[in-house]
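What follows is one structure encoded as structure tokens, with my remarks underneath.
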Amino acid sequence: MEPSRRIVVDDSPDPECTLLVYLREKLRLCGTKLGCAEGGCGACTVMVSKVDRKTGQLQHLAVNACLTPVCAMHGMAVTTVEGIGSTRTRLHPVQERIAKAHGSQCGFCTPGIVMSMYALLRSSPVPSMKELEPGIKGRKPIESREKSGSETFHTLVPKSAQLFEKVASDQAATDPIRRPQVHASAYKQVTGEAIYCDDIPRFSNELYLAFVYSTKAHAKIISIDPSDALQEEGVHRFFSADDLTDEQNEAGPVFHDEFVFVKDIVTTQGQIIGAIVADTQKIAQRAARKVKITYEELTPVIVTLEDAIAQESFYPGFPRSIVKGDVEKALADADVVVEGDCRMGGQEHFYLETQACLAFPKDTDEIEVISSTQHPTEIQLHVAKSLGIPAAKVVSRVKRLGGGFGGKESRAALVAIPVALAAYRLGRPVRCMLDRDEDMAISGTRHPFYFRYKVGVSADGKLVAGDFWAYNNAGHSMDLSFAVLERSMFHIQNAYKIPNLRVRGWVCRTNLPSNTAFRGFGGPQGMMAAETMMRHVARALKRDYVELVELNMYHEGDTTHYNQVIEGCNVRKCWQEVLQSSDFARRRELVDRFNQEHRWRKRGIHVVPTMFGIAFTVLHLNQSGALIHVYQDGTVLLTHGGTEMGQGLHTKMIQVAATALGIPFERIHISETATDKVPNTSATAASAGSDLNGAAVLNACNTIRERLEPFRKQYPNEDWNFWVSKAYFNRVSLSAAGFYATPDLGYDFGTNSGKAFNYYTYGAACSEVEIDCLTGDHQVLRTDIVMDLGSSINPAIDIGQIEGGFMQGYGLFTLEEMVYSPQGQVYSRGPGMYKLPGFADIPGEFNVSLLTGAPNPRAVYSSKAVGEPPLFLASSIFLAIRDAISAARSEEGLDAEFSLVSPATAARIRTACQDKFVERFTKHADNLKNVTPWNVMP
């Protein structure tokens, strides 16, 4: 199982214990990760070797350790990621290739990918594409007899290109800025050595916490009886609202409308009622199920946006509005008025590492909290409030996250506060890591949205007026829903100038788990409304949407509906470049020809622009700090306010510091993010991590440079180590704090004035798809993307963010559908019920180019933010699918006007194609109007 190879003998193994639990808890081989516990994600993949009794040949199999009983391993060899390579010895070629080719981001599932590839290569040293696909997925190929009657899609041989600007010829070889530097933790990730929250070794006196959740969406709690649970051997304590004052029990990131433990009225299923603390996870979870809750059910139970709107279930203070110009007059004067709507579902974050926390007391009145959060300061403040101690006595730390995507910005407190409370009250370390089904059931999703629009257009196709209504499904508490709505309102026009525009927005209260931040933060939903509207206008005018896009796209110096002047407007450059690089015009003709020649297969090709505003829309969050220590050997320890969750933030910050100090990348180390190093940090969110923390790091580095400057001048022929030594012996401080606050920001909704965003990140994408009209399946044949990222700090990381963001957006718009019961229960609790994009879903040809010659003067080293902007470009796939459906409908003489709800799942694609087969079912739809559906769209 590791280089020393050991024989494991266990005389009394637990027959219920999985191989994964045994590896992690008994053998402390934590490179193998728990991602889903149902064999769907592959994070737990290991190689099992055995002798085939029929052939006598040695077989090597990639298996899911989360499903494999450890007793089934009798007489077999198990190889984990620790056993094939190490940073202290040497890496296996698979590990080395993934790291050097920038194949690891958050790194949580990377060991599983490594082991899938390793097992495949052990079985087939030169694998074919047919062998490669199931090998990399970690699953068996589908048998021919199980396939549908029509010919199914096959994985395309991948093809890709990544283009970016070369560094200047006179840039020093040791200067890492703007170079494709490998992720700072990549080698640790591919070897399983990277430590995540739940990998931290257990304390000898550690306890485990398990939650007791509400099972009703809207009910009064009559009684809570933990007596049976407390009689279980190994159970130490039951915590509930009775253990906190009303003030201590309040929770919520902005509005304290949630509870650490709910005690009177539950307003969603999965609300935390209490927590059991026990010796082990198994005991704690078993005991938690024995806590008896008696309810009195209440009405109404509101789940969907449609029901919330009909019942006017809105949060106070809404609608919010942004108004520019005289919308009513412009609509009255317009040559054509188009009205329509746009509906989008939510999206599960599915970070591979679920919410996790470890807390331990220090002295009698101090506590340290290690959690998988994007917002360490918020955890610090929440814990201090609930424990009734000063924030100065709470240290909140984060080493790295196994993904976040916004889902660990505010919702990490759900786990961290009770864990910290238990550790503080019991005086012992306490740990909790949610199982995947728990995480998906309670932590919320991206906000579902519903939009209506009424737009006025001139005869030549110019947009003259737009009136928009926006509704988001917040769930049972506000969380950050108000800010998500506001960003959707800021992005309601995407990249188009609409001189007279009004947008009104409502936050809807429903009985669902509270929805929260998610990459894009309302921006993709608002832009989807804009693009839906533009295509609707094009159909109404019988014009090519490409012409209308180009006619209405912003120019330099234009003003948005929130009265911000657009500077450095490169959206047209991205648009024109992607049209050219994708060979759009010629391929569009080929698509038309293909559709004429095929009845049951149709293709579509579509181009979409994006314009994403960069800044927190809440002014005070646009600040950050950094701390730098230079040691006597010349090495540097750096910390800053941002968390590393796979986006490469730490790597970029080391590059910034290395360039500023004039030393090699390898001389600088970032250990963690902690509130006792940099205080009062903002969440790592809003794509602003590099901008804010980079400028703070630069500020700290400049302080060090200024202190060393006298020694540089005095000894110009010496090196960094010499100058540092001289400074030390001359009693010059080699530690410095840095700070940065984004200048000139501040928007006022009341007056519709001020500057909402620091700048914009622009991009454009062209995607071609093929659909199977009989099954609703689809395949993305090719995608071309052009992004304006200024002068990229690290092109490899940024292109990885573009590719990853695009694929996450692809899931949002096509595959990922959250399923709920009409009573508000979350049915989608794992990858078996919730379909995520896989390796085989990556476009067959995937080309990404960074716009050249476009430095950004408003961010560190002329760079631009990258995390969120690329996600919306995946709407090009959704719209290409819609085009393909239109081609199928034309075969039946049907109109191009039809509703396609996002996500465009196989079922929605199939039914939208509307042929004689579908009619056999849809003609009876009227008979089902009074039938309660088994699931609803929130």
Side-chain angles (χ1 to χ4, degrees), residues 1-2 4-50 61-83 111-112 115 138 192 196-212 228-237 275-291 353-354 356 358 428-439 829-830 832:
M1 294 183 181
E2 52 187 17
S4 59
R5 298 190 183 278
R6 51 175 142 161
I7 296 174
V8 178
V9 179
D10 192 330
D11 294 329
S12 56
D14 180 356
E16 294 182 357
C17 183
T18 64
L19 175 59
L20 176 63
V21 171
Y22 199 90
L23 289 171
R24 291 182 60 84
E25 296 188 4
K26 290 288 186 71
L27 302 181
R28 290 300 305 158
L29 293 170
C30 293
T32 309
K33 309 298 185 190
L34 173 64
C36 69
E38 59 179 67
C41 72
C44 65
T45 304
V46 298
M47 186 179 80
V48 172
S49 303
K50 66 175 184 174
L61 306 171
V63 304
N64 293 311
C66 71
L67 296 181
T68 306
V70 70
C71 293
M73 295 296 98
H74 179 65
M76 298 183 188
V78 178
T79 304
T80 69
V81 69
E82 292 93 340
M115 293 312 298
Y196 298 83
C197 184
D198 197 49
D199 297 334
I200 297 170
R202 268 58 174 166
F203 291 86
S204 60
N205 63 336
E206 184 178 298
L207 300 174
Y208 194 91
L209 181 144
F211 290 108
V212 178
D228 288 350
L230 291 170
Q231 290 175 11
E232 287 279 308
E233 185 178 350
V235 172
H236 291 259
R237 181 77 182 269
I276 288 285
V277 184
D279 287 338
T280 67
Q281 179 179 2
K282 187 175 181 179
I283 295 171
Q285 290 181 336
R286 184 174 61 220
R289 290 191 289 270
K290 293 191 174 184
V291 176
E353 175 202 33
T354 58
L358 170 63
R428 294 173 65 174
V430 177
R431 181 188 302 256
C432 176
M433 182 177 183
L434 296 184
D435 289 337
R436 177 62 61 186
D437 60 331
E438 290 181 280
D439 195 298
R829 297 193 179 195

Set out, in order, the CA-CA distance, both residues' side-chain angles and the distance that settles side chain to side chain contact (heavy atoms under 4.5 Å, CB included) for Leu230 and Lys290, then state yes or no. CA-CA 9 Å; Leu230 291 170; Lys290 293 191 174 184; over 6 Å; no
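- A distance-only check finds a donor-acceptor pair linking the side chain of Thr354 to the backbone of Leu434 [under 3.5 Å].
- Atom CD of Glu25 and atom OG1 of Thr280 lie 8.0 Å apart (nearest 0.5 Å).
- Counting only heavy atoms from C-beta outward, the side chains of Cys44 and Leu34 never approach each other to under 4.5 Å.
- The shortest side-chain heavy-atom distance between Asp198 and Arg431 falls under the 4.5 Å cut-off.
- Applying the side-chain contact (heavy atoms from CB on, under 4.5 Å) criterion to Glu16, with sequence neighbours excluded, gives Asp14, Lys282.
- You'll find the side chain of His236 reaches within 4.5 Å of the side chain of Asp279, heavy atoms only.
- The heavy-atom pair separating Ala288 from Phe211 by the smallest distance is CB-O, 3.6 Å.
- The minimum heavy-atom distance linking Gly234 with Ile283 is given by the pair C-CG2, 4.1 Å.
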Checking Thr18 against Leu67 for the side chain to side chain contact (heavy atoms under 4.5 Å, CB included) test, could you report, in this order, the C-alpha distance in whole Å, the side-chain angles of both residues, the deciding distance, and whether it holds? CA-CA 6 Å; Thr18 64; Leu67 296 181; over 6 Å; no
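- At least one side-chain heavy atom of Arg28 sits under 4.5 Å from a side-chain heavy atom of Arg202.
- With rounding to the nearest 0.5 angstrom, the NZ atom of Lys50 is 8.5 Å from the CE atom of Met73.
- The CD atom of Gln281 lies 11.0 Å from the CG atom of Leu209; values are rounded to the nearest 0.5 Å.
- To the nearest 0.5 Å, the span separating CG on Asn64 from SG on Cys41 amounts to 7.5 Å.
- Remark: of the listed residues Thr32, Thr79, Val63, Thr79 is the sole one forming a side chain to side chain contact (heavy atoms under 4.5 Å, CB included) with Met115.
- Side-chain contact check for Asp10 versus Lys26: some heavy-atom pair is nearer than 4.5 Å.
- Rounded to the nearest 0.5 Å, atoms CZ (Arg428) and CG (Leu207) are 4.0 Å apart.
- A salt bridge does not link Glu38 to Arg436: none of the charged side-chain nitrogens sits closer than 4.0 Å to a carboxylate oxygen.
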Dump the intermediate steps for side chain to side chain contact (heavy atoms under 4.5 Å, CB included) on Gln285 and Asp435, then the final yes or no. CA-CA 10 Å; Gln285 290 181 336; Asp435 289 337; 3.2 Å; yes
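- The shortest non-hydrogen separation linking Gly39 to Cys66 is N-SG, 3.5 Å.
- When all heavy atoms of Tyr22 and Cys17 are compared, the closest pair comes out as N-SG, 3.8 Å.
- For the pair Tyr208 (side chain) and Ile276 (backbone), a donor-acceptor distance under 3.5 Å is absent.
- When all heavy atoms of Ala62 and Thr45 are compared, the closest pair comes out as CB-CG2, 3.9 Å.
- Looking at Asp199 and Lys33, a side-chain N of the basic residue comes within less than 4.0 Å of a carboxylate O on the acidic one, giving a salt bridge.
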What's the verdict on side chain to side chain contact (heavy atoms under 4.5 Å, CB included) for Glu82 and Leu23, showing C-alpha distance, side-chain angles and the deciding distance? CA-CA 11 Å; Glu82 292 93 340; Leu23 289 171; over 6 Å; no
